[in-house]
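Heads up, the thing below is written out as structure tokens.
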There are 2 protein chains.
Amino acid sequence: MALARLKAAFPWIQTPLVVGAPMRLIATVPLTIEICRAGGIGFLGAGSDTSTLESDLRTIHAQFIERPPPNASSLATNTLPIGVGFLNWGANLEAAVSAVSKFPPAAVWFFAPRSTNDLIVWTTKIREATAGRTQIWVQVGTVTNAVEVTRACRPEFLVVQGTDAGGHGLQQGASIIPLLPEVSDAISILEVPEEEKPILVAAGGIMEGRGAAAALTLGAQGVVLGTRFLASHEANIADGYRNEVLRASDGGKTTMRTSVYDRLRGTTDWPPGYNARGVLNRSWTDAENGMDWEENKKLYEDSVRMGDKGWGLEGRMTTYAGTGVGLVKEVKKAGEIVEEVRSGAREILQRAARSLA
Amino acid sequence: MALARLKAAFPWIQTPLVVGAPMRLIATVPLTIEICRAGGIGFLGAGSDTSTLESDLRTIHAQFIERPPPNASSLATNTLPIGVGFLNWGANLEAAVSAVSKFPPAAVWFFAPRSTNDLIVWTTKIREATAGRTQIWVQVGTVTNAVEVTRACRPEFLVVQGTDAGGHGLQQGASIIPLLPEVSDAISILEVPEEEKPILVAAGGIMEGRGAAAALTLGAQGVVLGTRFLASHEANIADGYRNEVLRASDGGKTTMRTSVYDRLRGTTDWPPGYNARGVLNRSWTDAENGMDWEENKKLYEDSVRMGDKGWGLEGRMTTYAGTGVGLVKEVKKAGEIVEEVRSGAREILQRAARSLA
């Protein structure tokens with residue numbers, strides 16, 4: 001049934017569903033479009049800044065008119081075959097509503113509101129603006145929050161993020177190994193009609209077919225990749241950042257959830273309880289060793305002027321990435337990544353089932 | 001091929017392989033035996049104390065003579081159909097060698113040596129003592145360590161532990177979602193003959209069929225459960241502890257990797273880099289709020305005298321448990337847990353493969 005709902009809402013997708021995370025500044029128009037053309041769902045990373053959203057959606061609309069995605073003929077939902085991700089604590093609601101009412105995306109993804117009440121307002125306003133055509137996805141990181149959000153907003157989807165994820169997420173958490181099954185069980189007993197229960201999508205540490213197959217066995221109907229798409233041709237990313245993603249390995253040891261990078265970058269207005277995972281570098285080591293904060297910040301600002309050379313183990317530029325960063329070995333086209341993950345997951349599940357038969 | 005090696009070394013097992021973690025003080029003779037009788041591998045938690053090991057092995061030997069495990073007739077390896085877990089930093093090597101030479105177990109599990117050199121000594125001595133009949137399992141938590149240990153000791157098995165695990169493990173790490181695939185890839189390219197490469201077994205956050213199925217897709221040939229067996233009839237555990245395991249939920253939020261509990265309990269001789277995951281309680285909150293350490297310790301000692309009432313959210317007794325604690329809902333026989341996980345994993349993988357066919 002979940003599969004039928006997926007196909008109805010996103011007629012262009014192929015399964016298992018592969019989703020591109022709405023990475024702020026990185027998941028811009030090209031990455032979003034290429035993921036969708038390959039039968040995935042690319043989320044445009046509007047984030048906390050809606051200033052270019054309307055023009056971005058206009059561009060996407062024009063590009064799809066020029067070259068429609070494979071199953072465009074079945075776009076019965078009359079929406080743009082993409083998603084848009086918002087950081088609710090910072091995004092401007094009026095601008096968001098205005099843009100999506102002109103170009104309704106197939107889905108919006110909400111993350112990190114200041115309160116559940118804010119999330120209710122966003123959900124209501126977006127549903128009004130698109131006459132319910134746009135599916136509401138809400139990212140959660142705990143069982144408690146999954147239940148609370150489902151009761152309050154009745155989203156069509158929950159993005160269940162485990163603590164392996166790169167970039168922003170909860171300071172403290174579990175991986176999807178226990179989190180997805182527990183969320184799934186908690187939702188299954190909720191007093192909500194079966195057909196209105198959210199579909200679960202998994203995020204955090206998924207890099208390729210194996211992680212994707214695992215997420216599907218844990219109860220997800222689709223998988224979200226962020227870090228992996230940093231090494232795609234279509235990502236809007238500095239070479240220095242991308243090279244560091246390719247270099248780093250053993251991410252459990254070489255990445256950390258920390259607020260150091262946010263503080264250096266001046267990104268200090270996230271709600272309490274969040275921080276971000278990044279590859280450890282010189283800024284982090286210096287902070288750990290007690291370097292005066294103003295000095296660390298000054299050194300960071302110097303490194304910004306170095307461009308691509310500012311990244312690396314001895315560098316100071318931030319490399320947000322997940323614990324699976326060591327599984328990212330080469331730069332590929334985003335569409336190839338989508339196809340590889342999808343066929344990889346399929347093959348692994350079929351092989352595993354055969355080996356137990 | 002891995003499957004053939006598994007079956008040759010442990011002829012009584014059924015697949016997918018379910019393993020009971022060598023939980024110190026908890027995985028004693030009854031739990032170890034029951035897991036093996038159900039076709040899993042139970043590891044006796046010798047830990048850092050070998051004083052009762054020989055008598056425990058003698059008891060197990062006698063019990064198996066009285067009532068052999070199902071496939072006893074095929075016990076061609078001439079070993080006790082169980083495993084024994086050692087904490088190398090604290091266990092007495094001579095006592096261990098003496099005991100296992102009298103009653104060679106099918107496997108030993110090494111964890112947390114003070115150095116790789118110590119691990120080499122343990123591996124060599126145990127192999128000598130049992131003429132190579134006992135399979136060497138080594139627990140690792142990073143890709144780097146997996147490669148190092150494989151090169152140095154050529155263990156037959158690596159237990160790859162993700163950060164969701166309860167009790168002791170690395171302070172910092174990844175979950176098995178990215179860790180297992182990356183370890184698997186790193187081992188696959190090592191300059192070691194194919195048939196001597198270690199078989200991978202997964203630990204950390206696996207509670208039931210879903211997590212087990214996920215681990216198998218990630219590259220594991222078997223799954224280790226610790227927290228789940230706390231709620232078995234055969235675990236040697238206080239009622240207060242077990243009740244707290246049944247009560248706790250949403251473990252990403254309600255458990256933490258910390259050294260607070262070790263310090264309170266006086267378990268301070270672990271090598272650097274390790275701590276332990278437990279359910280948050282009053283001791284932890286007080287420590288977090290800056291309570292004087294001597295006072296916190298005194299309150300802890302008072303709670304020890306309260307017995308089972310010392311556990312709980314407002315209690316101070318330690319509840320070591322993994323992030324998946326919320327998936328543990330009832331006390332079962334250990335053998336039923338083994339069977340449930342095994343058939344659950346099988347069913348989930350077959351269903352997932354069918355849904356993608």
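Side-chain atoms are counted along with the backbone in the values below, which use heavy atoms only and exclude waters and symmetry mates. Here is how names work: the chains are called A, B, and so on, in the same order as the sequence lines, proteins then strands, and each is numbered from 1.
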(message) Looking at every heavy atom in both A:Q172 and B:K253, which two are closest together, and how far apart are they?
(response)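 Minimum heavy-atom contact is NE2-O, 3.3 Å.
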(request) Pick one of side chain, backbone, both or neither for A:I176, based on which atoms fall under 4.5 Å of a heavy atom in chain B. (result)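 Side chain only.
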For chain A, which of [options] has the most heavy-atom pairs under 4.5 Å?
options: B:T254, B:L349, B:T163; result: B:L349
options: B:E182, B:Q350, B:Q171; result: B:E182
options: B:A352, B:G141, B:G205, B:G204; result: B:G205

(message) As an exercise, state the distance from CG of B:D250 to OG1 of A:T144, rounded to the nearest 0.5 Å.
(response)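 Here the interatomic distance stands at 3.5 Å.
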(request) Please round to the nearest 0.5 Å and tell me the distance separating atom CG of A:L356 and atom CG of B:L3. (result)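 Here the rounded value is 8.5 Å.
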(request) For each of A:A353, A:P181, A:G209, tally heavy-atom pairs with chain B at distances under 4.5 Å, and name the one with the top tally. (result)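 If we count pairs closer than 4.5 Å to chain B, A:P181 comes out on top.
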(request) Go through A:S249, A:A146, A:G326 and name the one with the most non-hydrogen pairs under 4.5 angstrom from chain B. (result)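 If we count pairs closer than 4.5 Å to chain B, A:G326 comes out on top.
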(request) Decide yes or no for B:T323 and A:S175: does some side-chain heavy atom of the first lie under 4.5 Å from some side-chain heavy atom of the second? (result)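 No. Closest side-chain heavy atoms not under 4.5 Å.
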(request) Spell out the residues in residues 211-219 of chain B that have some non-hydrogen atom less than 4.5 Å away from a non-hydrogen atom of chain A, in order of number; otherwise answer 'none'. (result)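 B:G211, B:A213, B:A214, B:L216, B:T217, B:L218 fall under the 4.5 Å cut-off.
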(message) Please determine whether a side-chain nitrogen of the Lys or Arg among B:D185 and A:R210 lies less than 4.0 Å from a carboxylate oxygen of the Asp or Glu.
(response)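 Yes, charged N to carboxylate O under 4.0 Å.
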(message) Given heavy-atom pairs under 4.5 angstrom as the criterion, report whether the side chain, backbone, both or neither of B:E208 touches chain A.
(response)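 For B:E208, the side chain is the part near chain A, not the backbone.
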(message) Is B:T255 in contact with chain A via its backbone, its side chain, both, or neither, using a 4.5 Å heavy-atom distance?
(response)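 Just its backbone gets close to chain A.
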